[in-house]
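Only one structure is covered here, and it is reproduced in the block below.
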Amino acid sequence: MPIPVPALKPLSKAAIDGALERAERYRLLNEPSQAESICLDILEIDPDSQKALVLLLLAITDAFSESPDGVARATALLPRLSGEYNRAYYDGLIHERRARALVARGGPGSGYVAYAALMRAMNSFERAEALRAPGNDDSILRYNACVRLLKSTPSIQEAPRVDVSDLTE
């Protein structure tokens, strides 16, 4: 017989600002699961909180090396972000961080998958660049970081193309 799990307790609306600060602090302390939990509590009472959505997305990407479903969970948040710029920028960030996690983990084919993730990230950053406000060069900075990662990591490369006409049974 399963043990009963207590119900979650709701935050008060007055606690949101302090909770957001704590979530940011937990991210800085490299405790993404704590930050994620706080963001989920905030979103229960304020489902449209852009700051909580972004912090949640970032906390999920902080844990990519530990969470196999992290990319899908982070990507599922994109439609809830306001503005096409934010959706493009954070899509790029998700895939850049995925590539970095793949490179850190290593393993067969990881460089090929990382390359594909970086190409998607760079495309998203280019879309965000076209939509950015004057003086906001964040998407350019992220794009350049992707280029530098490609240049400095020989294992990141495009997967070889297979000519099916060369395959014989």
Side-chain angles (χ1 to χ4, degrees), residues 16-40 42-43 46-107 109-159:
I16 291 177
D17 289 341
L20 286 167
E21 288 176 19
R22 277 187 206 75
E24 287 177 358
R25 194 169 306 123
Y26 279 119
R27 279 198 66 238
L28 294 174
L29 292 171
N30 198 27
E31 294 189 33
S33 64
Q34 285 293 99
E36 181 177 341
S37 179
I38 292 168
C39 291
L40 291 171
I42 294 166
L43 291 167
D46 185 3
D48 297 322
S49 170
Q50 293 298 296
K51 190 160 187 176
L53 285 167
V54 168
L55 280 171
L56 176 58
L57 185 147
L58 294 173
I60 292 169
T61 65
D62 289 341
F64 271 174
S65 60
E66 304 157 15
S67 175
D69 67 338
V71 173
R73 290 176 51 233
T75 303
L77 295 171
L78 292 173
R80 294 175 63 187
L81 295 178
S82 64
E84 192 59 33
Y85 168 83
N86 286 330
R87 289 187 288 276
Y89 178 81
Y90 287 106
D91 182 69
L93 192 80
I94 289 167
H95 294 285
E96 177 190 355
R97 287 183 169 203
R98 177 175 185 231
R100 289 179 185 281
L102 287 163
V103 169
R105 186 175 26 217
S110 61
Y112 301 143
V113 180
Y115 178 86
L118 281 175
M119 292 301 104
R120 176 160 174 181
M122 293 167 68
N123 286 335
S124 294
F125 290 138
E126 285 183 321
R127 277 194 342 267
E129 179 185 354
L131 300 165
R132 75 188 195 278
N136 179 354
D137 286 351
D138 291 351
S139 56
I140 294 171
L141 295 171
R142 299 308 305 206
Y143 181 95
N144 290 346
C146 291
V147 171
R148 288 187 179 95
L149 181 61
L150 280 168
K151 287 181 177 181
S152 68
T153 313
S155 65
I156 301 174
Q157 52 187 275
E158 187 173 14

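Please read these numbers as outputs of a predicted model, since none were measured by experiment.
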(request) Test side-chain contact (heavy atoms from CB on, under 4.5 Å) on Q157 and Y112 and set out the steps. (result) CA-CA 5 Å; Q157 52 187 275; Y112 301 143; 3.7 Å; yes
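- Residue L57 comes nearest to A74 through the heavy atom pair CD1-O, 3.8 Å, listed as atom of the first residue, atom of the second, then distance.
- Partners of Y115 by ring pair (Phe, Tyr, Trp, His ring centres under 6.0 Å), not counting sequence neighbours: none found.
- One distance of note links CD1 of I38 with CZ of R27; it measures 12.5 Å at 0.5 Å rounding.
- Counting non-hydrogen atoms of neighbouring residues, nucleotides and ligands closer than 6.0 angstrom, the CZ atom of R22 reaches no more than 12 such neighbours.
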(message) Assess the residue pair T61 and E96 against the criterion (side-chain contact (heavy atoms from CB on, under 4.5 Å)); give the C-alpha distance rounded to whole Å, side-chain angles, the decisive distance to 0.1 Å, and a yes or no.
(response) CA-CA 10 Å; T61 65; E96 177 190 355; over 6 Å; no
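- You'll find the side chain of D91 reaches within 4.5 Å of the side chain of R120, heavy atoms only.
- Looking at T153, its side chain never comes within 3.5 Å of a backbone N or O of I156 through a donor-acceptor pair.
- Taking OH of Y90 as the reference point, atom OG1 of T75 lies at 14.5 Å (rounded to 0.5 Å).
- Of all heavy-atom pairs between A128 and A88, the closest is N-CB, 3.8 Å.
- Considering CG of L77 and CD1 of I94, their distance stands at 7.5 Å, rounded to 0.5 Å.
- With sequence neighbours excluded, the residues forming a salt bridge (charged side-chain N to carboxylate O under 4.0 Å, His left out) with E36 are R73, listed by chain and number.
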(message) Under the criterion side-chain contact (heavy atoms from CB on, under 4.5 Å), I'd like the reasoning laid out for L78 against L81: C-alpha separation, chi angles, the key distance, then a yes or no.
(response) CA-CA 5 Å; L78 292 173; L81 295 178; 4.0 Å; yes
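- In this structure, V71 and H95 have side chains that are in contact, with non-hydrogen atoms separated by less than 4.5 Å.
- Minimum interatomic distance between I60 and G70 (heavy atoms only, all atoms of both residues): CG2-O, 3.3 Å.
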(request) Go through the steps for E84 and R87 under the test salt bridge (Lys or Arg N to Asp or Glu O under 4.0 Å), then give the verdict. (result) CA-CA 5 Å; E84 192 59 33; R87 289 187 288 276; 3.3 Å; yes
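- Side-chain contact between V103 and S110 is absent, with no heavy atoms from C-beta onward closer than 4.5 Å.
- Between R97 and D62 there is a salt bridge, since at least one side-chain N of the basic residue sits less than 4.0 Å from a carboxylate O of the acidic one.
- Between L93 and R142, some side-chain heavy-atom pair lies under the 4.5 Å cut-off.
- Contact check for D138 versus F125: no side-chain heavy atoms found under the 4.5 Å cut-off.
- With E126 contributing its side chain and A121 its backbone, the two residues share no donor-acceptor pair below 3.5 Å.
- Note on R105 versus E66: no salt bridge recorded, every NZ/NE/NH1/NH2 to OD/OE distance being 4.0 Å or above.
- Residues I16 and E21 fail the side-chain proximity criterion, which asks for heavy atoms closer than 4.5 Å.
- Between the CE atom of M122 and the SG atom of C146 there is a distance of 6.0 Å, given to the nearest 0.5 Å.
- For the atom pair CG (L43) and CG (L56), the distance works out to 6.0 Å, reported to the nearest 0.5 Å.
- Environment of OH in Y26: sparse, with no more than 12 heavy atoms of neighbouring residues, nucleotides or ligands closer than 6.0 Å.
- Atom OG of S49 is separated from atom CG of L20 by 5.0 Å, given to the nearest 0.5 angstrom.
- Of all heavy-atom pairs spanning A99 and A114, the tightest one is CB-O, 3.6 Å.
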(request) Go through K151 and R148 one step at a time and tell me if the side-chain contact (heavy atoms from CB on, under 4.5 Å) criterion holds. (result) CA-CA 5 Å; K151 287 181 177 181; R148 288 187 179 95; 5.6 Å; no
